[in-house]
Structure formats: C-alpha cells, structure tokens
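Notes follow the structure.
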2 protein chains.
Amino acid sequence: MSQQEFRLVGKYNGPRITGAKAAAGAIKYGWDFNLPNQLYMRILRSPYAHAKVTAVDASAALAMKGVHGVLTPFDFKDSPVRLAGTTMMILPYDKVRYAGEEVCAVVADDPYIAEEALSKIKVTYEPLPYVLDVEEAIKPDAPQLHEGGNIVRTPTTVTYKVGDTAKGFAEAELTVEFKLKSQTIQHNNIGTYAALVSWEKDGRLHMWTDAQYMHGPRNTLATVLGIPQSRICVHAELCGGGFGDKSGAQRCHILAAIFATKTGRPVKFKLTREDNLLQGLHRWTCVTYFKFGLKKDGTVTAFEAKNYSNAGAYYSVWGSGMATEQLYIYKWPNFLVDCYDVYTNTPRTGPLRCVADPQSCWMIETAMDRLAFQLNMDPIAFRLKNNMFTQGDKDPVTGNRIPSIGQPQCINRAKELAEWDKKWKPWPKTKPTSGVVRGIGVANHCCGHGAGSLANAAVLVMNPDGSLTIYTGATDIGNARREQLAIIAAEHLGLPFEKVTVANYSTDTGPDSGATVGSRQTKSAGNAVGVAALQVKDQLLARAADRLKVTKEELSVGEEKIFVTKDPSKSVTIRELVASAPWIIAAGQWIPPANTTQRTYGTHIAEVEVDCDTGLVKVLKVVAVHDVGRVIYRKSCLSQVHGGIIQGIGMALQEELLFDPQTGRPYNASMLDHKMPLSSQAPEIVVDFVETVEQPPDSYNHGAKGLGEPPTSPIVPAITNAIANAIGVYFDTLPVTPDKILKALGKV
Amino acid sequence: MSQQEFRLVGKYNGPRITGAKAAAGAIKYGWDFNLPNQLYMRILRSPYAHAKVTAVDASAALAMKGVHGVLTPFDFKDSPVRLAGTTMMILPYDKVRYAGEEVCAVVADDPYIAEEALSKIKVTYEPLPYVLDVEEAIKPDAPQLHEGGNIVRTPTTVTYKVGDTAKGFAEAELTVEFKLKSQTIQHNNIGTYAALVSWEKDGRLHMWTDAQYMHGPRNTLATVLGIPQSRICVHAELCGGGFGDKSGAQRCHILAAIFATKTGRPVKFKLTREDNLLQGLHRWTCVTYFKFGLKKDGTVTAFEAKNYSNAGAYYSVWGSGMATEQLYIYKWPNFLVDCYDVYTNTPRTGPLRCVADPQSCWMIETAMDRLAFQLNMDPIAFRLKNNMFTQGDKDPVTGNRIPSIGQPQCINRAKELAEWDKKWKPWPKTKPTSGVVRGIGVANHCCGHGAGSLANAAVLVMNPDGSLTIYTGATDIGNARREQLAIIAAEHLGLPFEKVTVANYSTDTGPDSGATVGSRQTKSAGNAVGVAALQVKDQLLARAADRLKVTKEELSVGEEKIFVTKDPSKSVTIRELVASAPWIIAAGQWIPPANTTQRTYGTHIAEVEVDCDTGLVKVLKVVAVHDVGRVIYRKSCLSQVHGGIIQGIGMALQEELLFDPQTGRPYNASMLDHKMPLSSQAPEIVVDFVETVEQPPDSYNHGAKGLGEPPTSPIVPAITNAIANAIGVYFDTLPVTPDKILKALGKV
C-alpha cells in the first residue's frame with residue numbers, strides 16, 4: 001500500500017490533544033490526587049550497601065501523635081513478590097542489598113510528621129562486605145547477594161553464536177581488541193513515583209498514579225492483597241515520565257495499599273528526588289571485551305565478545321545482558337558473544353528507554369568506528385562494506401524471515417541529509433591541543449522493540465451519532481496514544497479524526513492492553529484497534545449491503561458513508577446505520593504471530609564541536625533517519641526522535657550515577673549532580689523516516705512499527721564517534737565528560 | 001427452573017457494596033466535585049405563570065467584578081432542544097409558560113456574586129392570562145400555551161377500548177359514577193440537580209453529575225454543542241435520588257456546558273430546593289370521570305372513563321396520560337377509556353416512580369373498592385369475582401400472549417400474610433365522630449415497567465486471575481445495580497460473587513446501557529449481561545473441551561472450574577483457561593423482542609389508624625407481595641418495597657405542590673411545606689415475592705422482572721381504602737389530609 005492511498009495515516013497532523021494543558025501545568029499526575037482524611041507515607045532507606053537487619057524498634061515513631069502505622073521487614077518474613085526477575089520481599093526481611101533500599105515505611109496525618117517519624121525508627125544493622133563492580137562480583141570470593149551466587153543464571157546468561165570464529169580469525173589480516181564500559185543511569189522522571197491508594201465506596205481498592213501499564217500494578221496488588229483483580233481499579237491517565245521505570249507496582253505502591261487496607265484511610269505518597277534516584281530501576285553498567293578479526297579491505301571476518309552486565313541488587317524481568325538485535329545489522333559471517341549478568345550491591349536494574357540497546361549500540365557502533373579508524377576508512381563505507389541485512393533476509397540465529405528492513409535506506413538517506421561526503425574528514429593525525437575542533441560521526445541501530453511483542457485488546461463502540469469510542473487500557477505516557485489509535489481506527493472506517501475518541505483513563509475504561517513499554521503500543525494496541533475496526537467495518541458493510549440491496553463486496557467506506565463503489569451516489573451514512581440498537585460493539589484482540597522477527601532500524605549522524613581548552617562538547621546538528629514501517633502521526637514521531645536524541649546526549653556526555661567505593665553509597669543522587677541535559681543543549685535536529693514497503697500480513701495498524709525507544713540509542717555512538725573524528729580519540733567509558741577529554745588531550 | 005437450582009440468584013444476601021460509605025456520607029454526588037478556577041452558575045426564574053419576555057438588560061450584572069457571563073432568551077432565538085415530549089428552547093425565547101421557568105443564567109467566580117448578579121438582571125415581562133386547571137385549560141377560550149392549542153395530540157391522547165360498553169351497561173343491574181382527582185408532586189430528590197462541567201485535558205467535555213442515564217445527557221450535549229458524542233464524557237457513578245427526574249440533560253446542564261465552552265473554565269451549579277421543586281419534572285394531576293355498570297353479585301359488566309391529565313407547561317417524552325396497564329388486572333368484558341393530556345401554566349411533567357401508574361392505580365383500585373362498598377362485599381372477594389388474568393392469558397387489546405403473570409398468587413399470599421379474613425370488618429354504618437378507629441384496605445397493581453423496554457449492551461472481560469469485570473453504562477441509582485448484575489453473571493459462570501465487579505462510573509466505562517428508569521435495568525441490563533455471560537461461558541467451555549479432550553456438551557460449570565459432568569474429577573480451573581491471551585472479552589446486547597407483553601404485578605394490604613379528633617392517619621402495617629419473576633438480590637428487592645411504600649405514604653396522605661390561583665405561583669416550594677414522609681412514619685412492613693414459573697424465552701437474567709417502581713403504586717389506594725374501611729368515607733382527591741378527614745366527619 002503506498003503512502004498516497006492514506007487519508008489520515010501519516011497525514012493527520014493536528015495538535016496533540018493534551019498538549020496545551022500539559023504545557024500549562026493543568027494536568028494531574030500521581031501526586032495531584034487527594035481524598036479527605038488521607039494519610040501520607042514516607043519510606044526509610046538503608047544507609048548500608050549490604051547488611052543484615054537484626055532488629056527494628058518503631059515504638060518511638062508509633063508513639064508520636066499523628067502516626068498511624070509502621071511497617072518493617074519483620075512484618076514480611078515470607079512475602080515473596082515478583083516485581084522483577086529477582087523475587088523480592090515486600091520489605092527486605094533477610095538483608096538489605098544496596099544503599100538506598102527500602103527498610104521501613106510509616107504513615108501519618110501529614111508528610112512532616114511522617115518524615116519526623118522516620119528519624120525515630122531505630123534499625124539495627126549488621127553490616128556485611130559489599131561489592132559494587134561487576135568484574136569484582138563475578139569472582140568466587142566476592143560477597144554473595146543472593147542464594148545461588150552472584151551470576152544471574154536465567155534468562156540472560158546467553159551465548160550468541162554464528163559461524164566459526166576460529167575459522168574467521170584465521171582468515172583475518174589483523175585483529176583488534178579493546179574493552180568498553182557503559183555507565184549507570186537513572187530514568188530521573190520529572191514525576192517521581194507517587195500515588196494515592198484508597199478503599200472506595202464501591203468496595204474496591206482504587207489507586208491513582210502515573211504508570212506505563214494500568215493492569216500490571218492492578219494484578220500485582222491483587223496478588224499481594226489476596227483479592228480478585230476485578231476488585232482493584234488503577235487510574236493512570238497520563239504519565240509524568242516513564243521510560244521503563246513505571247511499568248509495574250513498586251514496593252512503595254504495595255506498602256501504600258497495605259497501609260490503606262490496615263488503616264481504612266486513603267494513603268498517598270510521593271518519593272523525593274533522592275528516593276527516586278535510588279529506588280527506581282537503573283540502566284545497568286556493561287563491561288565488554290571485544291576481539292575483532294578483519295581484512296585490510298574492511299571485511300570483518302570474525303568477532304568475539306565477552307559481556308558483563310551489572311544486574312544490581314535485583315534485576316528486572318526484562319533482563320539485562322547484551323541486546324542481541326545490535327548483532328543483526330551487519331552480515332557477520334562468524335561471531336560469538338557470551339553474556340554474564342552479575343549481582344552487585346548497587347540499585348535495581350531494568351529497562352530505560354530501549355533496555356539493553358543504548359549500551360549495546362554504543363559498543364557495537366563504537367567498535368565499527370574504531371575498526372574503520374584502524375584502517376583509515378570512511379566509517380560509512382566501512383559499514384556498507386560489511387553488508388547490511390535487506391528486505392527478505394533471514395535472521396542468522398533463528399532462521400526466521402525478517403519481514404521489514406529499512407536499514408540500508410536509513411544510512412543512505414542520513415548520509416544524504418547530513419552532507420556526509422562534504423563534511424566527513426579523516427581523523428586528525430595528531431591530537432589538537434587548543435581551540436574548537438569539529439567532527440562528524442555516524443551510527444546504525446537495530447532493535448526488536450516496536451515489534452509489538454505482547455497480546456493486546458481493545459473494545460470499539462460506535463456511538464449513535466456515528467462517532468466512535470475506543471476503550472483501551474493502553475496508557476498515554478506522552479506518546480500520543482490517543483492520536484495514533486484514533487488515526488488507525490478512523491482510517492479503516494472512513495471517519496474524520498475528530499469523531500474518534502480514545503478512552504484510556506483507568507483499568508475500568510478498557511481491557512488489559514499491555515504495558516506501554518518496548519516501543520510496543522503503536523504496533524500492539526494499534527493492531528488490536530485495527531482488528532476491532534475491521535470487525536466494525538464488516539458490520540457496517542453488512543448493514544449497508546442490506547439497506548442498499550447489494551453485496552458487501554460491492555461497497556466502499558469513506559466520508560462517513562458506505563457507498564456503492566461503482567456508483568457512489570448510492571450510499572448510506574454511518575450515522576444512519578448505527579442510530580438505533582443493536583449497537584455495533586467490537587472487541588479486537590491481537591496476538592503476536594509465532595516465528596516472526598520484526599525489527600526497527602535507524603541511523604544517526606551527529607556533528608559536534610569539541611572545545612580543547614575546556615573539554616566541553618557541543619552537539620551542533622543531528623540527522624536521524626528511522627525505519628518505522630509506517631508513520632501514523634508525524635508530530636509524535638518527530639517528538640519521539642527529538643526526545644530520544646536529547647536523552648542520548650545525556651548518556652553520551654554527562655549522566656552517571658556514581659557510588660563511593662568506601663561506603664557503597666551514591667555520591668550524586670540529586671537533580672543537581674546527576675546531570676540531565678538542559679533544553680539549551682538541544683542541537684539542530686533533522687528527521688526523516690523510511691517506510692518499509694513490505695508489511696507483515698498482520699499489519700492491522702497500517703504497517704507501523706515502534707519508535708518510542710530507538711532514537712535514544714544511535715545518538716550515543718554517533719556523538720562519541722564524532723568526538724573521535726574531531727580529536728582522534730575513542731573513549732572506553734561513558735559518559736565522555738570534559739575531564740576525560742582534557743586528560744586524553746594531555747591537558748591535565 | 002426452580003429456585004433450588006440457583007446458587008446465588010435469590011440467595012446471595014451480602015451487604016450492599018456502597019451501603020456503609022453512603023450511610024457515612026462518604027460518597028460524592030453532583031455537587032461534590034471541584035476543579036481549580038471553576039465558575040458558579042445561578043439561574044433566574046420567571047415570577048409570572050405566563051408572560052412574554054420583551055427585553056433583558058444584563059449590563060449591570062455583567063459590569064460586576066467576578067461575573068463572567070450572562071445568557072438570556074435572546075441568545076437562543078432558535079434553539080429547539082428535545083428534552084421532553086414538548087420541544088423547548090434552551091432558554092424560553094418566545095415566552096415563559098409557568099412561574100419558576102428558567103429565564104436567564106449567570107456565571108461568576110463564586111456563588112454569592114452569581115446570586116447577587118441575578119438581582120441585577122432586568123427582565124421586562126408582558127404578562128399574559130394563564131390557566132392552571134386541566135379542565136379549564138381544555139376549554140376553547142382558555143389561554144393557549146403552545147401553537148396548536150392546549151391539547152397534547154400525540155402520543156398520549158389515547159382511547160382504550162375492549163368489547164361494547166353500551167351492551168355492558170345494558171346488562172348492568174346498577175351503575176355507579178364518580179370523579180377522582182390526584183395531585184401534583186415533585187420528586188424532591190435529596191440531591192438537587194447539580195453538576196460540574198469542564199473542557200478537560202483530553203480535548204473533551206466532561207460532566208460530573210448524578211444521573212439515571214449517563215449516555216442520555218452525553219448525547220443531548222453533543223447535539224446542542226454540535227460535537228461528536230465521543231467527545232463528551234459524563235461521569236455519574238451514584239445518584240442522590242432520581243425517581244425519574246434525572247434521566248436526561250436539563251436546561252441547567254446545557255447552560256453550564258455552554259458557559260464552560262464560552263469561558264474555557266469549569267462551571268458548576270447546584271439548584272436550590274425551591275429551584276428544584278419548580279424546575280424538575282412533576283407527577284401530573286389526573287382528573288378522571290368514571291361510570292361503572294355492575295351486577296349485584298359483583299360482576300362489572302362495563303365501565304367508561306374520561307381522563308384529563310395536566311401536562312404542565314411542557315410534558316416529558318415518557319408521556320402523561322392514564323397508565324393502561326392498570327386496566328389489565330381484571331378481565332373486564334367491556335370498557336372504554338378516553339385520555340386527554342392538556343397543557344397548563346404549571347411546571348413540567350414527567351415520570352415520578354412508576355410514571356402514570358400511581359395515579360391510575362389509585363383511581364382504578366379506589367373505584368373497585370367503592371363498588372365493593374356499594375354492594376357491601378368483601379373487597380378481595382369482589383376483586384376475585386371480576387376474574388384476574390393468569391398465566392398464559394392474552395392481552396385483551398394487543399392479543400399478545402402475556403408470558404408471566406403472578407397477580408392471583410399475589411393477592412392470595414397478601415391476604416394470608418395480612419390475616420385479612422380475621423381483620424377485615426365491613427365499613428361502619430355511621431361515621432365515627434371521635435377516638436381512634438382502625439381499617440384495612442387492599443389494592444392490586446399491574447404495570448408494564450420492569451419489562452425491559454429498551455435495548456441494552458454490556459461488555460464482559462475475564463481477568464487473568466479468573467475474576468470478571470462487567471463494563472456497563474447502567475448507573476447505580478441506589479438500586480443495587482452492581483450487586484444484581486454481578487449475581488446474574490456469577491450465576492451463569494460458576495464464579496463466587498466476590499470475583500465479579502461492575503464498573504459503571506462514566507460513559508467511558510461502558511457502552512450505552514440505557515436509562516435506569518422504568519424499573520428496567522434488572523431486565524434490560526441484566527439480560528445484556530446474561531447474553532454476554534453466556535458468550536463467555538461458551539468460550540470457556542470451548543477452551544476446556546480442548547484441554548480435557550471432550551465435547552462442550554459433556555461439560556459443566558461450577559466452583560470456578562469447568563468439569564466433565566459425569567466425572568467431576570476431570571476439570572480445569574477458569575483461572576487456568578484465562579491466564580494468558582487471547583483474553584475472553586464478550587460484548588452482549590439484548591434487544592426487547594417484538595410482540596411480547598410482560599408486566600409486573602403486586603398486591604398491598606394496609607392497616608391504618610384514623611384519629612377522628614385530629615384527622616391524623618397512622619399507617620400501622622403494610623403487607624406487600626410482588627410478582628418479580630425472579631428475586632435476584634433479596635436485600636435490594638426488600639429495600640425497593642420499603643422505599644416505595646414510604647414514598648406512597650407521602651402521596652396518599654400529605655404531599656402536594658400547590659399553586660396560588662391569584663398569581664399562578666407555587667405556595668409551598670420548600671422542604672418544610674411540600675411535606676415528604678418522615679422515617680418516623682414508617683409502618684411495619686411485611687414483604688413477600690411471587691416468582692412466576694414460566695419465563696419468557698429471552699430471560700438471560702434468570703427470569704427477573706423489575707421492581708423499582710411498582711411498590712409506590714398500590715400502597716396509595718391500599719391506604720385510602722383502609723381509611724374508608726375505618727370511617728366509611730372514600731375521598732375524591734389526594735392527598736387525604738387531616739383537614740379533609742375532619743371535614744368528612746363533620747368535625748369542621
């Protein structure tokens with residue numbers, strides 16, 4: 001289906017529905033809900049990175065006027081709860097495993113009393129030796145965090161193997177080895193974890209929060225409290241930032257629900273910035289040892305990599321490890337990648353926008369650039385030399401046919417838009433020592449996100465006036481869920497955009513429509529809506545065929561009418577068809593087909609200026625081209641790319657959560673010190689999209705893949721490769737801060 | 001299906017889910033919602049019963065600090081809106097038609113400013129002659145309210161005719177004639193009309209209110225504002241009293257929506273008690289001339305009636321007129337009833353719990369009692385003499401077979417419970433003149449309510465833990481909608497009550513499930529839920545058949561399992577069947593079948609004490625037996641009967657909205673003067689139910705008919721007949737107040 005045939009898909013470009021109110025601060029997030037008689041919860045955290053909790057004396061706290069309850073690890077001796085890949089206790093009964101872990105919780109009439117009560121809880125710790133570094137933690141004599149040792153056995157101790165690396169290295173004319181290390185970053189959502197939890201008049205537990213997944217926390221709370229899922233309603237209309245950190249219930253939500261149940265009063269909480277930086281999930285540190293074999297013409301003959309991922313004290317269900325998809329850009333004949341995930345006494349790890357890809361993409365695309373540098377080859381020519389997967393190729397590991405690949409188109413289009421051939425100059429022969437120098441860098445990206453990896457459901461109701469309401473549990477986390485799903489349904493049904501509304505306010509407005517994670521929902525929820533829309537269409541056609549005395553096959557849909565294709569003067573309006581009962585109601589479900597492999601692709605090219613006197617890097621311009629299958633709502637596609645690039649600048653140049661090796665405590669758990677990029681750092685951004693021609697047969701969403709996460713990944717190596725192009729130095733660690741640059745240039 | 005086979009239907013008797021919170025005042029109704037920056041609306045009303053509005057000067061009001069808008073009839077020159085059988089303007093452009101009609105509206109920063117602004121709006125009226133009395137209004141020279149004259153032509157100018165009354169009167173041995181007149185009553189909901197209306201962040205208009213029908217006001221506002229229905233969300237979780245007066249948008253809701261649109265700010269309002277008594281719908285006054293022919297053995301051979309219903313200034317879509325169903329208790333061989341509905345300069349009329357039945361039931365059952373009195377026959381014997389319709393009979397007018405009739409069982413059971421044969425004594429030969437005397441009275445009732453007269457839809461979702469959520473737009477107006485629908489679904493699916501939840505908070509939580517009026521929802525919504533539950537069941541059976549390698553027909557449902565009927569050890573839990581996608585989601589719809597006539601029946605017997613010195617009547621005991629088809633949730637059936645009886649005491653003995661003939665203005669539009677019964681007036685109430693054996697083939701709700709309204713009707717003639725039994729006087733008008741009794745007894 002070519003672009004021209006669409007009426008709304010890729011063309012509707014009205015303003016974001018919630019945009020103006022969001023900009024005006026007129027939207028309620030997790031902290032903004034209140035109920036009469038509510039209590040405030042605060043959480044006490046461990047100052048130790050590893051310690052037994054031998055006793056808690058909460059009597060002084062409980063004696064305070066206005067304090068209504070304290071929960072300690074001793075209330076949860078056997079309370080396994082699966083919030084992560086590692087099963088956790090609701091509070092850590094046996095021991096704390098990182099500095100900042102939750103130890104006790106208190107509720108009081110106001111937040112100040114609650115805060116004061118925390119200081120009166122006496123916790124007796126028996127400190128244990130701790131380990132922060134992943135390579136230290138893997139050693140046999142390292143302090144052990146969990147029974148079974150520090151190596152996470154499943155699901156992410158993985159080996160990826162293609163061909164025969166020994167043979168590949170034998171064919172090589174030179175080998176290159178290096179070690180790369182990425183950093184720990186917290187999502188640092190503007191809206192920290194916050195919720196209001198209350199047993200309401202309908203005999204059900206209600207939670208108002210911001211979440212990427214409404215039904216997930218509902219189901220977790222049901223399990224913990226031992227009540228049916230139907231007796232819980234989670235309200236999560238909009239999200240004050242998520243990026244993977246708000247996909248399920250956290251300990252704080254569970255504790256608030258337990259307090260609400262015990263006290264019979266509403267309980268609300270909001271984590272402080274420090275709380276949130278320590279309690280949330282974290283992008284994990286990766287350490288990878290690479291060895292490449294290549295020919296002098298640039299052909300990679302083999303590579304081996306050994307990857308150590310720091311899983312933190314608990315790892316998330318989404319796994320840490322190396323992102324395999326990064327391995328599926330180039331047609332490498334022989335490779336072997338071993339991944340180890342290892343517990344350490346650092347905070348929990350989990351997905352942060354693109355999960356394992358930002359680390360993996362940085363490493364692979366840094367490696368490719370270093371190899372090009374080694375041969376003094378144009379980095380794009382070097383990449384093209386190593387063959388890219390194209391439409392119709394098979395996945396080298398699974399053998400599945402990959403239905404949609406736009407990678408070569410991405411790099412070619414980016415090269416053109418960035419005027420690469422004009423701007424790229426070989427690396428400087430000698431390092432510059434002062435002044436401002438420029439460089440340009442490129443990186444490719446491939447990930448499995450956006451492939452719609454989970455089942456999804458949506459209910460569509462035609463209203464009697466011919467307008468449509470979509471009932472879904474898919475949250476709008478800032479990703480224009482409303483607009484995209486409305487466009488998808490409106491396109492199918494010949495309706496104007498304005499006549500389609502998406503209701504997605506709580507678990508009571510729609511069925512479980514999966515988590516808004518993994519760049520998934522344009523595909524998953526979009527397909528479920530598409531399936532339902534086609535059911536609605538079929539019913540409309542049947543009614544129209546009956547009215548117009550023709551067959552369904554003779555009819556078309558458009559302009560709020562069903563008309564005879566060969567004689568459009570014979571028509572009936574949708575409104576006429578739905579004005580009276582029986583109504584048209586359709587429940588659409590989409591189940592990801594087995595044995596298919598869909599991936600998204602992209603290329604970023606960054607131009608930077610490096611100030612050799614201060615070490616400061618300024619990103620001047622980024623060209624970003626992504627293969628999204630199909631653009632549904634261009635405005636939100638652009639904003640995903642813009643946002644991803646700015647987030648990537650943080651990873652490339654400045655963000656890192658640091659731990660004091662002497663205490664195991666974080667150095668910089670504050671907004672001031674855990675430096676996010678400022679809007680003033682935003683470069684010029686040029687965006688284009690590749691729409692892959694062939695679509696999988698199940699593209700009820702008109703062929704879109706996801707885009708939420710991918711833009712975060714290739715920007716990082718594009719920037720660091722541009723820095724290398726400017727100063728001739730590749731850095732082995734992230735972020736590339738001014739001190740590292742000055743040191744590399746011999747200035748300090 | 002006999003009672004014994006049910007597991008929950010008629011047996012589940014846990015507490016009302018919202019009961020404790022409602023009793024504690026912890027529930028939010030229409031007035032209890034607030035948004036930042038909200039405006040307050042107040043409405044100016046006409047002091048004239050009939051007048052042209054020739055000019056409005058709002059400049060002084062608009063000049064006040066804090067006033068943000070005024071709407072006048074001149075803003076709505078051509079704004080027809082169908083809020084009723086009579087098309088109204090949004091504000092009455094041409095003229096006002098009753099004292100209390102809305103003329104202007106104002107919004108201001110606080111309600112006090114708004115109130116003061118009302119006093120600064122100068123409206124110039126040109127008073128017109130008015131008419132209050134229905135028999136005066138029908139005269140050709142009466143002041144005319146609407147183009148086309150005062151007689152409402154459609155749909156309620158009706159003639160009911162069976163047999164040949166001339167022939168019947170020829171057979172009669174005596175004729176009896178009298179005229180009866182019922183009064184005007186307002187619903188007087190504890191929660192007066194109130195709402196908060198706001199354009200919200202999702203680009204949609206939201207209204208928080210209390211309503212009997214969520215989708216109705218949504219659709220009206222969409223029409224008035226010219227926006228798609230999908231762009232409006234009405235939140236109406238619970239209702240502070242409805243009784244027929246909160247079934248749709250009123251002018252106040254429309255005005256608030258217009259102000260919200262014009263100002264861009266949230267607008268809230270709450271009517272004062274006086275506002276509400278004048279603005280709401282009203283039970284209309286009926287005047288009926290009866291002529292009966294009968295034989296001395298008690299056989300009625302013919303009757304004719306001429307009924308004049310006071311339609312007020314505007315009548316509701318539900319029509320006024322005589323309730324036809326009252327004519328279908330007894331097998332009268334010949335009758336002729338002519339009904340006229342006539343406009344007068346009194347407030348709008350519409351349904352008030354049982355619509356036209358309370359008036360009609362009082363008249364017919366008073367008539368039956370007067371005839372028995374005439375012959376000095378036991379009133380129950382007299383009624384039985386006139387044959388009652390029984391199971392399988394045909395409707396005398398339509399010829400349709402009536403599938404479910406429990407009338408004879410009701411009267412026999414009530415007679416037994418009330419110890420009628422022991423307690424009934426013939427009427428006193430002479431009127432008592434002092435002291436307290438006792439009497440007992442009976443009345444039958446039949447109505448078409450509870451038959452589920454509108455289409456209905458519900459969406460059911462099985463949650464992954466095997467619990468069920470019912471998504472419906474059917475509001476819970478105090479009628480235990482949650483419990484009833486949960487029982488209906490749980491019974492079908494072998495689930496415990498606790499695992500089924502009803503989500504019915506807004507038009508975003510469910511499809512249009514019709515208005516909760518006409519005692520309809522246990523049948524209509526119950527059937528839609530039943531249809532959907534059977535779809536869910538079918539899917540469960542299919543999945544279980546696949547797992548257990550048997551056919552669906554070999555399986556049964558129970559205890560959260562699907563098991564092989566002949567070998568229950570072979571089973572699979574529902575939870576196992578639904579734990580993973582595809583989910584089970586079912587959209588059920590129920591359309592009332594054509595050409596069936598379903599009715600509910602009942603008998604009340606009341607014992608009263610009349611104090612001949614004060615004229616005060618005390619209702620001592622009421623026996624109420626209703627044919628409800630099937631009891632679903634006994635607790636709420638009982639509370640419907642209790643509430644109906646107490647409301648009926650008001651109609652029988654004390655409630656009436658009075659108009660000053662000199663001005664056309666109401667005398668007593670206040671809670672103090674429009675006397676509702678007090679809880680201290682509640683009599684002993686004995687309730688029983690008849691469950692009719694045969695059910696119509698479409699009883700997906702396990703055979704229940706409705707009960708919301710019926711208990712309000714027979715209590716009125718049962719009381720007035722008991723008064724007659726005590727003092728030997730039948731009154732021609734309602735209410736039977738102490739002054740009327742004292743006058744009848746010759747005491748004043």
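Just so it is clear: chains get the letters A, B, ... in the order the sequence lines come, proteins before strands, and each one is counted from 1.
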| query | So which part of Gln589(B) gets closer than 4.5 Å to some heavy atom of chain A, the side chain, the backbone, both or neither? | reply | side chain
| said: If you count heavy atoms of other groups shown closer than 6.0 angstrom to NZ of Lys561(A), is the number above 12? | reply: no
| query | Top residue by heavy-atom pair count (under 4.5 Å) with chain A, among Gly203(B), Gly19(B), Ser230(B)? | reply | Ser230(B)
| query | Side chain, backbone, both or neither: which part of Leu468(A) has a non-hydrogen atom closer than 4.5 Å to chain B? | reply | backbone
| said: Could you measure the distance from the NZ atom of Lys499(A) to the CZ atom of Arg231(B)? Nearest 0.5 Å is fine. | reply: 11.0 Å
| Are Asn463(A) and Arg218(B) side-chain neighbours, meaning at least one heavy-atom pair lies under 4.5 Å? | yes
| query | By a 4.5 Å heavy-atom criterion (distance strictly below it), what part of Arg16(B) contacts chain A: side chain, backbone, both, or neither? | reply | neither
| Measuring heavy-atom distances to chain B, does Pro464(A) have an atom under 4.5 Å in its side chain, in its backbone, in both, or in neither? | both
| message | Using side-chain contact (heavy atoms from CB on, under 4.5 Å), reason through Lys201(B) and Glu237(A) one step at a time and then give a plain yes or no. | response | CA-CA 10 Å; Lys201(B) 57 195 167 298; Glu237(A) 184 171 357; 3.4 Å; yes
| message | So which atom in Tyr471(A) and which in Gly510(B) form the shortest heavy-atom distance, rounded to 0.1 Å? | response | OH-O, 3.5 Å
| said: Donor-acceptor check, side chain of Ser467(B) to backbone of Pro228(A), threshold 3.5 angstrom: yes or no? | reply: no
| Is chain B contacted by the side chain of Leu35(A), its backbone, both, or neither, given a heavy-atom distance below 4.5 Å? | neither
| task | Kindly compute the distance separating CG (Asp508(A)) from OG1 (Thr469(B)), expressed to the nearest 0.5 Å. | result | 7.0 Å
| At what distance, to the nearest 0.5 angstrom, does CG of Asp465(A) lie from CD of Gln229(B)? | 3.0 Å
| request: Check whether Thr507(B) gets within reach of chain A through its side chain, its backbone, both or neither, counting any heavy atom under 4.5 Å. | output: backbone
| query | Is the shortest heavy-atom distance from the side chain of Tyr505(A) to the side chain of Asp202(B) under 4.5 Å? | reply | yes
| query | How long is the span from the CG atom in Asp512(B) to the CD1 atom in Ile585(A), to the nearest 0.5 Å? | reply | 9.0 Å
| note | Counting heavy-atom pairs under 4.5 Å with chain A, the top scorer among Pro511(B), Pro582(B), Ala587(B) is Pro582(B)
| task | Could you tell me which portion of Asn219(A) (side chain, backbone, both or neither) has an atom closer than 4.5 angstrom to a non-hydrogen atom of chain B? | result | side chain
| Side chain, backbone, both or neither of Arg482(A) within contact of chain B (heavy atoms, under 4.5 Å) | side chain
| message | Within this structure, what is the CD1-CD distance for the pair Ile17(A) and Glu200(B), rounded to the nearest 0.5 Å? | response | 13.5 Å
